[in-house]
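First the structure, which I've put down as structure tokens, then a few questions once you've had a look.
Predicted model, so just to flag it, every value in this text is computed and none were measured.
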Amino acid sequence: MTLKVQDKDNAALKYEKHSILPRTLLGGTKAMREAREKFTPRERGEMSSSGLPGYDDRYEFRLKRCCFLANFYAKTASFLAGQAFGKPIKISDDMPEAITELLDDIDGKGNDINIFFSRVFFRGIAEGSRGVRVDSNVPQERNGSLSVEEARRKGYRPVLIEIKGEDVLGVLGSGEPEQLRISGVETVRDGDYGAKDAPCVLVGTRESWQKFVGSEDGGEYIPQDPYKHGADLIPAAFFTPGENISWALGKPALEDLADLQHQHWLDAGDLKKIIHTAQRPILHLHNIDADVVTAGADFAYTSNDLDNDYRTAPFINYSSVTGEGIEHGRKSLEDLEHKIGLWGLMQLLPQDVAATATEKNLTAGINSSSLAMWVIEFESMLQRVFEIVGQVLGVSVPEKCCELNREFLNVTMMPATDLINAVDAGIIPKELAFAEFKRRRGFVSIATWEDARAMMENERRQVGGTFGPGAI
């Protein structure tokens, strides 16, 4: 089937499938509730096929009463972005003044380079793709380099605009793309005094941008006059730290964490429901002529199966929920939270961490971590962005024009709790943790990690509480 300008290609549809959960999680409790059955399936008694009255009310009640998102996913992505942007972006001394003057207001909205790109990095690792396009009112016809004074006098300046992954409709061309389509919204006049939003598509080529504005029903898209952008390639760049789907799109790097967060959403809701039920004992009516009896805010249930119950006379009793089920749910949720809590740590540790347990592995090896690889990829995106800005302004940009922070949290900075949990979860080898234990304690009389662990367990029992930064 021939694609229309507003249609998504196969890569965009694949990205939608992989990114919908992470993007919804970033919206918090409200977004997860609004997604309804997509991420919170109905229980048997909440389905229309159950034949029970008020089945939809029961589902609505569970969503509002029992489903709250403890957003570890967003916190982990924010923590990792904070590591990469722990220091301001380092700009090369050779960056042209025509560009450096823009850095304090890089998007024309008052955001400096660090605020703008930290947001791009955060969304990129959390959602799988985040792009930046360069737009400007700088004319293509320039006589050599455009001076800062001339640009200021004429009001010329490029601005950076974020591109959401879900707004990418399609890319054409292998290698350097020939065409990029992005969906958006255009504000148009509505009568003499009003304004309204209309869907639009921005199509970029190596020469120009062209906007297509849709009708109210989204049926027909009317092309507007194209305008030249002043670069010799499509003036856009994308950060896709996960597995690539296309030039502009990738699978979320933290997709597995999103699945764990979803499981936590479901399990936490189940546990909340169990606790709510336990607080209100279930009323059971046997052999009483009533389909449903309201018991306080909840329902009672009835039974009339005489063949399976030796008591044939009508009776009413209460069924209580034992603490065993609640404790099992709480422990399961706690174990899941430990796994989720260690996920960010996994991205900071060297990928070859299991090789040896030397001091070099503890510190210098951090450059082989997942986060370090993402930083390198992000720096490549920054290089492309500023090279495009340079083309628009007619100035040359130095190689490696920007550098991000690489001094991440490593094993030598980890609290004892995280170190122990990381060993238990198999994230780091016990040999590495044992070497760090001896480094902190300053003696070598303990022979194995197991002995060190036993010592810390004994100290914890003596002082009470859980492991903490002072336990090692």
Side-chain angles (χ1 to χ4, degrees), residues 1-27 31 34-39 120 123-124 126-135 160-190 195-229 231 233-253 255 258 381 384 388:
M1 184 179 70
T2 303
L3 291 179
K4 298 179 181 179
V5 68
Q6 70 270 27
D7 293 339
K8 289 191 173 186
D9 65 9
N10 289 333
L13 293 173
K14 186 176 182 180
Y15 172 78
E16 177 73 17
K17 178 181 177 181
H18 284 277
S19 68
I20 183 64
L21 174 59
R23 289 189 288 112
T24 305
L25 288 171
L26 293 180
E34 289 177 348
R36 298 178 64 80
E37 287 91 340
K38 184 175 290 184
F39 300 123
V120 173
R123 290 287 178 174
E127 299 179 1
S129 175
R130 202 70 166 187
V132 175
R133 70 179 180 93
V134 181
D135 208 344
L160 304 189
I161 302 170
E162 281 190 69
I163 305 174
K164 299 177 182 179
E166 65 266 31
D167 288 343
V168 175
L169 299 174
V171 178
L172 284 181
S174 57
E176 184 63 38
E178 301 170 5
Q179 184 191 88
L180 171 67
R181 291 182 295 120
I182 310 166
S183 66
V185 175
E186 174 83 355
T187 302
V188 297
R189 289 289 298 271
D190 185 16
K196 61 183 179 180
D197 291 337
C200 71
V201 174
L202 191 63
V203 178
T205 67
R206 296 177 184 177
E207 294 82 29
S208 64
W209 290 108
Q210 185 175 19
K211 186 176 293 183
F212 293 73
V213 180
S215 57
E216 284 190 43
D217 59 5
E220 184 180 4
Y221 280 71
I222 309 300
Q224 311 296 303
D225 291 336
Y227 63 95
K228 296 183 180 297
H229 48 58
L233 72 171
I234 294 178
F238 287 85
F239 175 49
T240 57
E243 179 184 338
N244 282 346
I245 297 175
S246 71
W247 177 79
L249 300 172
K251 297 179 182 178
E255 190 172 8
M381 188 203 74
R384 177 184 172 95
I388 294 170

Check the surroundings of atom NZ in Lys211: do more than 12 heavy atoms from other residues, nucleotides or ligands lie under 6.0 Å from it?
no
Give the table of side-chain donor-acceptor pairs shorter than 3.5 Å for residues 169-180, with sequence neighbours excluded, one pair per line with atom names and distance.
from, atom 1, to, atom 2, distance (Å)
Glu176, OE1, Arg384, NH1, 3.1
Glu176, OE2, Arg384, NH1, 3.4
Glu176, OE2, Arg384, NH2, 2.8

Listed partners of Ala31 passing side-chain contact (heavy atoms from CB on, under 4.5 Å), at least two apart:
Thr24
Taking all non-hydrogen atoms of both residues, which atom of Leu3 and which atom of Arg181 are closest, and how far apart?
CD1-NH2, 4.1 Å
So, taking the atom named CG in Asp167 and the one named CD1 in Ile182, what distance separates them when rounded to the nearest 0.5 Å?
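Output value for this atom pair is 8.0 Å.
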Working note: Asp135 + Tyr227, criterion side-chain contact (heavy atoms from CB on, under 4.5 Å); need CA distance, chi angles, decisive distance, verdict.
CA-CA 11 Å; Asp135 208 344; Tyr227 63 95; 3.1 Å; yes
Note, Pro223 side chain near Gln210 side chain (heavy atom, < 4.5 Å):
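Yes, close enough: below the 4.5 Å cut-off.
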Looking only at non-hydrogen atoms, find the nearest pair between Leu249 and Ala11 and report the distance.
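For Leu249 versus Ala11, the nearest heavy atoms are CD1-O, 3.8 Å.
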Tell me if a side-chain donor or acceptor on Glu243 pairs with a main-chain N or O of Gly250 at a distance below 3.5 Å.
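Side chain of Glu243 to backbone of Gly250: no pair is present.
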Atom CD1 in Ile163, atom CG in Leu160: separation rounded to 0.5 Å?
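Spacing of CD1 (Ile163) from CG (Leu160) equals 10.5 Å.
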Could you please spell out the steps behind the side-chain contact (heavy atoms from CB on, under 4.5 Å) verdict for Arg23 and Glu16?
CA-CA 10 Å; Arg23 289 189 288 112; Glu16 177 73 17; 3.0 Å; yes
Any sub-3.5 Å donor-acceptor pair from Gln224's side-chain atoms to Ile222's backbone N or O?
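Yes, because the side chain of Gln224 sits within donor-acceptor range (under 3.5 Å) of the backbone of Ile222.
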Separation between CG of Leu25 and CD of Glu127, rounded to the nearest 0.5 Å
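If I round to the nearest 0.5 Å, the distance is 10.5 Å.
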Backbone of Thr205 reached by a side-chain donor or acceptor of His229 within 3.5 Å
yes
Any chance CG of Asn10 has more than 12 other-residue heavy atoms, nucleotides or ligands included, within less than 6.0 Å?
no
About how many Å separate CH2 of Trp247 and OG of Ser129, when rounded to the nearest 0.5 Å?
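Output value for this atom pair is 9.5 Å.
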Beyond-backbone contact of His18 with Pro252, side-chain heavy atoms, under 4.5 angstrom
yes
All heavy atoms of Tyr15 vs all of Gly165, minimum pair found to be CE2-C, 3.4 Å
